[in-house]
Structure formats: C-alpha cells, structure tokens
There are 2 protein chains.
Amino acid sequence: MKKVTINSVAQYAGVSKKTVSRVLNNEPNVSPATREKVLKVFKELDYRPNPIARGLARNKSFIIGCLYDNPSKSYITRVQSGALEACHKHNYNLLIHPCELRGEALIDNIDQLLTTSRLDGLVLTPPFSDSRELIEFLKQKNINYALVASAIQDDDSISVCSNDEQGAFELTEHLIALGHTDIAFIKGHPDHSATENRFNGYKRALEQHQIPLQERLVAEGNFSYHSGADSAKAILDLTPRPSAVFASNDYMAAAVLKLATQRQLRVPEDLSIAGFDNAPIARHIWPGLTTIAQPVEEMTRQAVEQLILQISEPQDTVYQCVLEARLITRESTAANH
Amino acid sequence: MKKVTINSVAQYAGVSKKTVSRVLNNEPNVSPATREKVLKVFKELDYRPNPIARGLARNKSFIIGCLYDNPSKSYITRVQSGALEACHKHNYNLLIHPCELRGEALIDNIDQLLTTSRLDGLVLTPPFSDSRELIEFLKQKNINYALVASAIQDDDSISVCSNDEQGAFELTEHLIALGHTDIAFIKGHPDHSATENRFNGYKRALEQHQIPLQERLVAEGNFSYHSGADSAKAILDLTPRPSAVFASNDYMAAAVLKLATQRQLRVPEDLSIAGFDNAPIARHIWPGLTTIAQPVEEMTRQAVEQLILQISEPQDTVYQCVLEARLITRESTAANH
DNA sequence: CTGAAAGCGCTTACAG
DNA sequence: CTGAAAGCGCTTACAG
C-alpha cells in the first residue's frame, strides 16, 4: 500500500491540494459540496496528514515539553497524565524533560532543548514554575509556557495552582481540634513555593488558636523520604516530644511513621502524623496517613489546555486559576491524651 | 536574531548546502579542509539543524514511542528514565503512550498512534511485550520495536529481560533457609509473563527442597496494591496460617504488611513477608521489605539503545540479553519459630 | 571531492 | 469559492 498524501487526496477528489488543505484545517471559503466530497475521500483513503510536513510548513512541532525535577514518582506520573490528556485532545504530543533546577547551566539546558526539539510550548512544574530566571528567559525568547503550582504573581503567565496555604491551615486546625498543641512541622525544599505556603498555613492556624509557634518543633526537609527520615530523628529525639507531626508531604510523613514504629511508638495513640499530597503511599501504609489531596492531574490538564489555546490563538488576558485542596483524614491522627 | 539554517551556513562558509549536509551527517567525500571550515561556521553561527525538516526529507521523526500499562508508578518512572537516557544519547525524543492492553481495539489505537505521530520505533514494556498479537502487527507493518521484560522467544525481536524465575527461586530459597515451609504466594497479573516466571521460580525452589506445593497457599493477584489487599485477607484467614508470604511485587507485599499490622501480627516474628521489584515502597515502610531488585532502567536503556541502532542501520542478528536480578534482604523476613 | 536540481508533504501569500 | 506558485529546511539521486 502506498502512502496517502495531500496529493493523492486532491487527485482522487478532483480538487487542488490547497482546497484539501482548507478542509483539513477547517478554513472557510469552501463550498459545502466540495467540503463534503473531500471529507468523504479522507475516509475512503484513510488519510492522516503528516504532522512533520505540517510542522515544517508552519514552523510548529505540535510538541509540548514538560519540565520536572521532583523526588516524588507519583507526582510526576500524575503530572504526566494530566498533561497527556490535554495534549491528546488537541493532537499534540508531550515530551518529558526531567532536569535539575540547581544543575549547572539550567538556562543553557533549556535553550538546547528548545532549539533542538522545536517545542511549541513548555509546561513548568515545581520547582521550575517558581524560577523567575527561567520565566524571564522564556519571555525574552518568546516561548509560550504555563505554570503549575507556582506562587509567582504575574499577569502574563498562564498559571494553575492549588490552595496550599489553606490546605495546610485546615490540616493544622484538624490537629488542633484533636487537642494537639505541640505540633512539629517538617518543611519542604526551599526552592518550592509550596514549602513556604504550607508553612504559612500551619503558622496561621496556630496563631488563630493562640498557640505560640515553637521554633524547636520546626525541621528543615526537602520533600525527599530521606530528608523526612533525618527530620524524624531530630523531632522524635526532642524532650518533651511533640504529640503530633505535620510533614509537608507524604513521603516525609511516611519516614516519620517508619521511625516512630521502629521506636515502638504507637501511631496515632502516642503520636499523630499527617502529610500532604495524598500520594499513593498515604494509603498503602498502616496506619493510613491523614493528608491534603491536591488536584495535580487537573492542575496540569488545565495548564496545558490553556497553553495550547495560547499557542493556537494568542489571548490578551491569560488564564489563572486556583483550585481547592481538600483534607483527607485517615488513621494516623487521633485525639491527644 | 534571524534563524540559522543550512542555507545561511552554506553561504557563510562559501560552500553548497549539500556539502554542509555532508559534514552534518558525517558523510565521507568531504576534504578535511572544507569539513574543518564548515564545522567552524557551525560553532560561530550556533547552528542547530531543524529536526523537523530533516524528518520530512528522510521520512523519519526521531521519536521513539514507549508503551506501558502498569499500576506501578515507580516502574513507569524507571522505564522512562532508562528510555530517555538512550534517546538523548542519540538525539531522539521519547513519546510516552500509556494505554490499556485489554482496552477495546488496542491494535487500532497503536495504528493511530503510529500514523499520527510517525514514530520511528516502539519500546514495549509488560504487558505489551508479551502480546503476540501486537508484535505480529508491528512486524507486518514493518515497524521497529524492542521488547522489555518479555518472555517471548523470537529470533527477530530485540529483547532485554531480567531473570525473574531465578530471582523468585533465590527469594524462595532464602525463606526456606530461614526455616519456612508454609510459604504463601501471591501471583501477579495473568497478562504479564513475569507472573508465570516468578511462580515457576517459587515452585522450583519448593521442589528442590522437597516441600510440597500447597494450592491453598497460592492467591491470584494482579500486581495492584488493591489485589494484594484482597489476597492478604484470604491468606491471613487461612488455618493453619502460613509463616511466610511471598508476593509477586512490592505493592502487593506492602498490602500484606498493612493487613498483618492491622491484625496485630508481628512482622517478621509472626509472619515473614517478601516482595519483588525493589520499588521505593519496599524501603519506605517498616519493616523494610526483603525483595528482588530488577535492573529496570538498564533493561529499558539497552532495549532503546538497540532499537535506535536497528533503526539507523538494520542488523542481521538482533540483540537479546538477560540481566541478573538480585536478592535484597531487609527486616521483613526472619527465621521461623 | 563538490554542487545544482528535485523532492519530502504540507502551508502561506497571492491571484483570479 | 478555488487554485498555481513558492517556500518551510533539510536529503536523495544524480552529474561532473
């Protein structure tokens, strides 16, 4: 079987290839009859336009790049699945590009990626979505991009995030309602805006309930399981020991749970533990982790959807949206006695 | 700044664009002096060939597709990272395509993918790498592909797998050496060849140590955490209860651990538990899971590397390789008393 | 060793 | 409403 191209379609339908092109792209100025005829030939010949030829002519690749540097595999797969959904809907493809924010020459790396792969746009996930330097570079290069879970306030950046501060606030209030006042907190990676937002939510809840913030209860993590284990050790060694630990993500919370269990502490009777993200591990361990569910797929889906819209027809005002995070209580938190 | 194309390079270097093309592709028949000169202009102008134009002329896309349908996020990310490494090395890109083996019209789905995205090759991970139907289709369509972790014996398929049978054998022997004879086994998904291989390793070890296989100890899982939870319930309800459980992957093993802990069984004192894969969860829970480490990244890396080689210069004989799996003992297994 | 011509399968800009 | 021409940035096939 030979290849079906715009030429074979044109010949078979008895029209010029420009006309075929017009119906292909849903352009006006084709009589209903001709349009009908060409459409029929598409079906008969099972014609599928060659995206590469299209790309060359229009100087487009129909490829969106997705940047990430995140220790959480589940976060990455969720990001990918949201991005893929939006891409497929509009006949785009997704190119995944894991790289390091702190790696030498990030800008060079991205520049290389852009010129080598001719991406039509970029979706930035944390911590890239919080990098002003990168965003400035993209603006200057005139590359379309969308920000996922970014704290950057910028009128001309497409941005979809969730309300981390509020989520952390609610989780902390949940612990306070259970009678906890000595609530340890494990921070995330300083490059992520989520780190500050979640910490702020924690502080606001304490403040609102007139519980003084204790610096000794705050540990510096970086979202990795390993950093959670280090922080867990520091926290469980404290005297007096706090009655609850709120870790900035579920991996770190799982590390706290592991150490607590190793030390024969009963969770939640002796120690309440909470995480953030609602990663699979939160329900795969016992006791299950109380946590905050973030709509990661949905954020990414919307971001990519808007990015593609922006690429095909540039908008004056840009889409920005804050989605809700929601508290999920499981067995790892209970009343303090 | 204007675009740097083969034309600008040719003009600047004072040669024809064919000559530029020759040095670009490392073709012979260019005098060392001209080659040198053109290479210098590449640098000066920071020339990067447009892969889309190249693709159109050569009828190539420089894109490899990666097919997967796997409940394990960590498996997927490992597959991706191995595949990306090989792709980047040869200036290819990776297109990820999650889809369902059992979904209606898999072949149609793949056909669509192939013609729409003009992939140069496909890397198949389980369960696709075990689908004869899909492989036949690809052969007939003349699409290059490589198989990861496939059990299919086929002289003309590139294939990289690891020795699951041997891994399961060693793990079972490890349990036997600890004094266990009543060892429950949770199978994986029937569409994956790993399921049979791992079960065979388990049976071979029992046999070699003259321990009769007890059907009542064998549960049907499907690699998902959820199926592990169901199997765990069935197994822990048995009387007499086995002293050890070997789950075909770590997620299912984690589910067994969760239920055992809920039921106040001490692991490993009352029950030894082992998994397979060495997924992150195996070390994120307490007690850590004894398991078999598979070189997933390396398998995929090699498979994609060979696939790209095959694409660029078709080989007569095809690469096939079996990598070693290796036992990792952690706290979840101990002597039976 | 080097290059002019034609072509990959589309689209853009223009003319009718 | 329709189409002939030129072009996107490369490569292939051929001639010298």
Side-chain angles (χ1 to χ4, degrees), chain A residues 1-39 41-42 45-63 91 114-118 120 311-313, chain B residues 1-39 41-42 45-63 91 114-118 120 311-313:
Chain A
M1 75 200 182
K2 51 187 291 231
K3 271 185 292 187
V4 180
T5 71
I6 198 172
N7 285 307
S8 26
V9 172
Q11 194 178 341
Y12 195 93
V15 297
S16 76
K17 60 184 187 176
K18 175 62 222 181
T19 300
V20 177
S21 171
R22 267 191 270 260
V23 346
L24 196 57
N25 295 295
N26 262 314
E27 284 171 29
N29 294 331
V30 183
S31 78
T34 355
R35 187 179 299 272
E36 204 64 19
K37 186 170 57 182
V38 174
L39 247 20
V41 176
F42 282 176
L45 267 44
D46 192 24
Y47 170 63
R48 310 200 186 153
N50 183 331
I52 299 182
R54 234 172 175 184
L56 182 59
R58 283 206 213 159
N59 195 24
K60 283 198 52 173
S61 63
F62 298 95
I63 297 177
N91 284 112
L114 253 20
T115 56
T116 305
S117 303
R118 313 278 154 154
D120 289 341
I311 291 166
S312 44
E313 36 191 300
Chain B
M1 73 198 182
K2 50 187 294 231
K3 272 186 291 186
V4 180
T5 72
I6 198 173
N7 285 308
S8 24
V9 172
Q11 195 179 341
Y12 195 92
V15 298
S16 77
K17 61 184 187 178
K18 174 62 223 184
T19 300
V20 176
S21 172
R22 267 192 270 262
V23 346
L24 197 57
N25 294 296
N26 263 313
E27 284 169 30
N29 296 331
V30 183
S31 78
T34 353
R35 190 179 296 274
E36 202 64 19
K37 186 169 58 181
V38 173
L39 247 18
V41 175
F42 281 176
L45 266 44
D46 191 23
Y47 171 62
R48 313 205 182 147
N50 184 333
I52 299 182
R54 238 176 171 180
L56 182 59
R58 284 207 213 159
N59 196 22
K60 283 198 52 173
S61 63
F62 299 95
I63 297 178
N91 284 113
L114 252 20
T115 55
T116 304
S117 302
R118 314 279 155 153
D120 290 340
I311 291 166
S312 44
E313 35 191 301

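Contact annotation: A:Thr19 side-chain N/O to D:dG3 OP1/OP2 distance is under 4.0 Å. Phosphate contact (OP1/OP2 of D:dC1, side-chain N/O of A:Thr34, threshold under 4.0 Å): absent.
Distance alone, capped at 3.5 Å, places no donor-acceptor pair between the B:Ser117 side chain and the B:Leu114 backbone. Counting only distance, with no hydrogens or angles, the side chain of A:Arg58 and the backbone of A:Gly55 share no donor-acceptor pair below 3.5 Å.
In summary, B:Glu27 and B:Lys18 engage in a salt bridge, as defined by a charged side-chain N under 4.0 Å from a carboxylate O.
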* Could you go through the side-chain contact (heavy atoms from CB on, under 4.5 Å) check for B:Thr5 and B:Arg48 one step at a time? => CA-CA 8 Å; B:Thr5 72; B:Arg48 313 205 182 147; over 6 Å; no
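Residues that satisfy the ring pair (Phe, Tyr, Trp, His ring centres under 6.0 Å) test with B:Tyr12, not counting sequence neighbours, are absent from this structure.
Side-chain atoms of B:Phe42 and B:Val9, non-hydrogen and from C-beta on, do get closer than 4.5 Å to each other.
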* For each nucleotide in nucleotides 7-16 of chain D, reading 5' to 3', give B when a protein heavy atom comes within less than 4.0 Å of its base, S when such contact involves only the sugar-phosphate, and - otherwise. => BBBBBBB---
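Remark: D:dA4 base-pairs with no nucleotide; criterion is Watson-Crick or G-U wobble with both hydrogen-bond distances under 3.5 Å. Summarising the base pairing, C:dA13 is matched to no nucleotide, lacking a Watson-Crick or G-U wobble pair whose two defining distances lie under 3.5 Å.
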